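Keep in mind that what you see is a predicted model, and the values were worked out from it rather than measured.
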Amino acid sequence: MVSGSERNGNPLVAKLSRFAALSDEETGVLEALCANQERFSAGVNLADEGDPTRLGFVITRGLACRCRLLADGRRQILTFLIPGDFFDLHTFLFRSMDDSIITIATTRLATISRDKVIEVAARYPRIGAALWWSAMQEAAMLRERIVTLGRRNARGRVAYLLCELVWRQRAVGIGEDYAIRLPLTQLDIADTLGLTAVHVNRVLQAFRREGLITLIQRQLRLHDVGALQNLAGLTQDYLHLSGVSAETGRYLDRLERRETINRGRAAGTC
């Protein structure tokens with residue numbers, strides 16, 4: 001079994017194993033999903049608001065964002081897609097996109113068809129549950145973003161975003177300790193947090209002076225995670241990284257055994 005605490009070269013495996021331990025077979029299935037990858041430069045629109053829905057994909061390297069562009073040209077970044085994130089797992093349920101997806105850095109992604117996702121989820125209940133967990137985690141992040149924009153001050157907002165990016169990347173084995181590559185401009189951060197780039201600059205400079213962070217040449221290091229958490233008034237609990245409960249784990253084991261038996265019976269009738 002692959003545990004969530006182990007590093008894995010495949011970020012999708014690393015992310016989903018935070019939910020539950022995966023068997024060698026399940027790991028192989030996920031790795032096969034990511035076999036065919038494409039590379040995109042920074043600033044590429046992978047999908048535009050209003051486009052017909054298309055194939056889903058997994059980010060395997062780099063960084064992208066989901067955003068909405070307003071009529072006056074202003075932009076609201078909704079969330080960031082990091083390696084291991086599955087873009088629009090249920091997108092085929094909609095007629096068209098309601099946001100845009102844009103790469104922020106050089107990005108690699110694996111395209112996955114709707115039929116393949118449904119097949120894998122049905123055949124491997126643990127993977128299906130892990131993908132469901134991933135979608136629920138994204139919803140939890142969006143709820144936390146609403147709290148941030150509605151109730152946190154500028155220092156709390158910036159502290160929240162820096163902590164979240166570090167926590168999420170650490171969870172899939174990216175970065176070292178509390179250090180990550182951060183290819184975001186101050187305008188990117190401003191468009192995420194409802195601030196101006198000037199205000200973001202002031203907050204980041206203050207954090208540097210206070211010894212909370214180092215940010216040099218797009219390399220971010222958090223020196224006092226506890227202080228930043230206190231500023232934001234949150235912990236990483238909302239990301240649900242602690243894994244499945246023992247009861248749910250036993251339930252998934254029963255489903256997995258049942259599906260294995262069914263596959264064996266189906267093979268025997270061929």
Side-chain angles (χ1 to χ4, degrees), residues 1-42 44 46-47 55-66 78-91 101-113 116-117 120-121 124 126-141 161-184 218-220 236 238-244:
M1 290 283 191
V2 177
S3 71
S5 61
E6 294 174 350
R7 289 177 176 265
N8 191 291
N10 184 304
L12 180 60
V13 173
K15 177 176 181 176
L16 297 188
S17 63
R18 300 291 305 198
F19 170 74
L22 302 173
S23 68
D24 290 342
E25 182 180 1
E26 290 164 334
T27 298
V29 168
L30 293 176
E31 290 176 341
L33 286 179
C34 299
N36 299 316
Q37 299 185 18
E38 298 179 72
R39 181 182 181 275
F40 296 87
S41 302
V44 173
L46 300 176
L55 301 175
F57 56 78
V58 174
I59 301 288
T60 59
R61 175 176 290 186
L63 184 69
C65 72
R66 304 171 68 108
L78 305 173
T79 188
F80 293 101
L81 299 173
I82 69 169
D85 284 348
F86 204 123
F87 160 67
D88 276 4
L89 181 61
H90 306 108
T91 187
I101 311 296
I102 304 174
T103 58
I104 291 176
T106 299
T107 300
R108 295 186 67 88
L109 58 88
T111 303
I112 305 175
S113 71
K116 191 62 178 178
V117 172
V120 168
Y124 299 94
R126 194 185 310 276
I127 292 179
L131 290 172
W132 191 0
W133 164 82
S134 178
M136 293 177 67
Q137 185 195 53
E138 183 174 0
M141 289 191 294
L161 182 62
L162 298 182
C163 285
E164 178 177 279
L165 289 170
V166 170
W167 287 334
R168 291 178 63 200
Q169 294 194 43
R170 279 168 51 88
V172 293
I174 301 174
E176 183 177 347
D177 295 329
Y178 287 94
I180 61 169
R181 184 172 183 274
L182 188 69
L184 300 179
R218 298 191 171 188
Q219 297 294 324
L220 170 69
Q236 63 179 339
Y238 73 98
L239 295 173
H240 303 283
L241 297 173
S242 58
V244 67

Engineer: Within the structure provided, determine whether Leu81 and Ile101 are in side-chain contact (heavy-atom separation under 4.5 Å).
Structural biologist: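 In contact.
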
Engineer: What is the minimum heavy-atom distance between Ala20 and Val244, and which atoms define it?
Structural biologist: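 Scanning both residues, the minimum pair turns out to be CB-CG1, 3.9 Å.
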
Engineer: Can you sort out the partners of Arg61 under side-chain contact (heavy atoms from CB on, under 4.5 Å), two or more places apart, ordered by chain and number?
Structural biologist: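 Arg61 satisfies side-chain contact (heavy atoms from CB on, under 4.5 Å) with Arg108 once adjacent residues are dropped.
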
Engineer: Using side-chain heavy atoms (C-beta onward) and a distance below 4.5 Å, is Val29 in contact with Tyr124?
Structural biologist: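 Answer yes - side chains close enough.
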
Engineer: Are any non-hydrogen side-chain atoms of Thr106 and Arg39 less than 4.5 angstrom apart?
Structural biologist: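 Contact flag for Thr106/Arg39 side chains = yes.
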
Engineer: Could you walk me through whether Arg168 and Asp85 pass the side chain to side chain contact (heavy atoms under 4.5 Å, CB included) test, one step at a time?
Structural biologist: CA-CA 10 Å; Arg168 291 178 63 200; Asp85 284 348; 2.5 Å; yes

Engineer: Any side-chain to backbone donor/acceptor pair from Thr103 onto Val44? Under 3.5 Å, distance only.
Structural biologist: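 It does hold such a pair.
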
Engineer: Distance from Ile127 atom CD1 to Glu25 atom CD, nearest 0.5 Å?
Structural biologist: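 Those atoms lie 8.5 Å apart.
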
Engineer: Any donor-acceptor pair under 3.5 Å linking the side-chain atoms of Tyr238 with those of Glu164?
Structural biologist: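 Yes, because at least one side-chain N or O of Glu164 sits under 3.5 Å from a partner of the opposite role on Tyr238.
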
Engineer: How far does CG of Leu63 sit from CD of Gln169, to the nearest 0.5 angstrom?
Structural biologist: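 So the CG of Leu63 and the CD of Gln169 are separated by 7.0 Å.
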
Engineer: With sequence neighbours left out, write down each residue that passes ring pair (Phe, Tyr, Trp, His ring centres under 6.0 Å) with Trp133, or none if nothing qualifies.
Structural biologist: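 For Trp133, the residues satisfying ring pair (Phe, Tyr, Trp, His ring centres under 6.0 Å) (neighbours in sequence not counted) are Phe19.
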
Engineer: State, with a plain yes or no, whether a side-chain heavy atom of Thr27 is found less than 4.5 Å away from one of Asn10.
Structural biologist: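 No, too far: nothing below the 4.5 Å cut-off.
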
Engineer: As an exercise, state the distance from CD1 of Ile59 to CG of Leu12, rounded to the nearest 0.5 Å.
Structural biologist: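 One gets 11.5 Å once the value is rounded to the nearest 0.5 Å.
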
Engineer: Strictly distance-based, threshold 3.5 Å: is any side-chain N or O of Gln137 a donor or acceptor partner for the main-chain N or O of Leu239?
Structural biologist: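 The answer is yes, because a donor-acceptor pair under 3.5 Å joins these two groups.
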
Engineer: Measuring only between side-chain heavy atoms, which start at C-beta, is Leu220 closer than 4.5 Å to Leu162?
Structural biologist: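 Contact flag for Leu220/Leu162 side chains = yes.
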
Engineer: Go through the side-chain N and O atoms of Glu26 and Ser23 and say whether any donor and acceptor fall under 3.5 Å apart.
Structural biologist: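 On atom types as modelled, these side chains qualify, holding a pair under 3.5 Å.
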
Engineer: Heavy atoms, side chains only, cut-off 4.5 Å: are Phe57 and Leu46 in contact?
Structural biologist: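 In contact.
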
Engineer: Report yes or no: does Ser17 contribute a side-chain atom to a donor-acceptor pair with the main-chain N or O of Lys15 at less than 3.5 Å?
Structural biologist: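 Not a single qualifying donor-acceptor pair exists.
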
Engineer: Can you name the closest pair of heavy atoms from Arg181 and Ala105 and give their distance?
Structural biologist: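 Scanning both residues completely, I find the closest heavy atoms to be NH1-CB, 4.2 Å.
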
Engineer: Can you sort out the partners of Leu78 under side-chain contact (heavy atoms from CB on, under 4.5 Å), two or more places apart, ordered by chain and number?
Structural biologist: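 So Leu78 forms a side-chain contact (heavy atoms from CB on, under 4.5 Å) with Arg66, Arg68, Gln76, Asp99.
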
Engineer: Might you work through the side chain to side chain contact (heavy atoms under 4.5 Å, CB included) test for Val117 and Phe86, ending with a clear yes or no?
Structural biologist: CA-CA 11 Å; Val117 172; Phe86 204 123; 3.6 Å; yes

Engineer: Identify the heavy atoms of Arg18 and Ala14 that sit nearest to each other, and give their distance.
Structural biologist: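 Looking at all heavy atoms of both residues, the shortest contact is CG-O, 3.4 Å.
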
Engineer: Determine the minimum heavy-atom distance between Thr60 and Pro11, stating which atoms define it.
Structural biologist: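 Shortest heavy-atom contact: O-CG, 3.6 Å.
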
Engineer: Quick one: does Leu182's side chain get under 4.5 Å of Val166's, heavy atoms only?
Structural biologist: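 Not in contact.
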
Engineer: Which atom pair, heavy atoms only, marks the closest approach of Leu16 to Ser134?
Structural biologist: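 The answer is CD2-CB, 4.3 Å.
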
Engineer: Can any side-chain N or O of Asp177 pair as donor or acceptor with the backbone N or O of Ala179 at less than 3.5 Å?
Structural biologist: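 No, because the side chain of Asp177 does not come within donor-acceptor range (under 3.5 Å) of the backbone of Ala179.
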
Engineer: Determine, stepwise, if the pair Ile104 / Phe80 fulfils side chain to side chain contact (heavy atoms under 4.5 Å, CB included).
Structural biologist: CA-CA 9 Å; Ile104 291 176; Phe80 293 101; 3.4 Å; yes

Engineer: If every non-hydrogen atom of Arg126 is compared with every non-hydrogen atom of Ala21, which pair is closest and at what distance?
Structural biologist: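 Distance-wise, the nearest heavy atoms are CD-O, 3.1 Å.
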
Engineer: Can you check side chain to side chain contact (heavy atoms under 4.5 Å, CB included) on Leu109 and Phe40, steps first, answer last?
Structural biologist: CA-CA 8 Å; Leu109 58 88; Phe40 296 87; 3.7 Å; yes

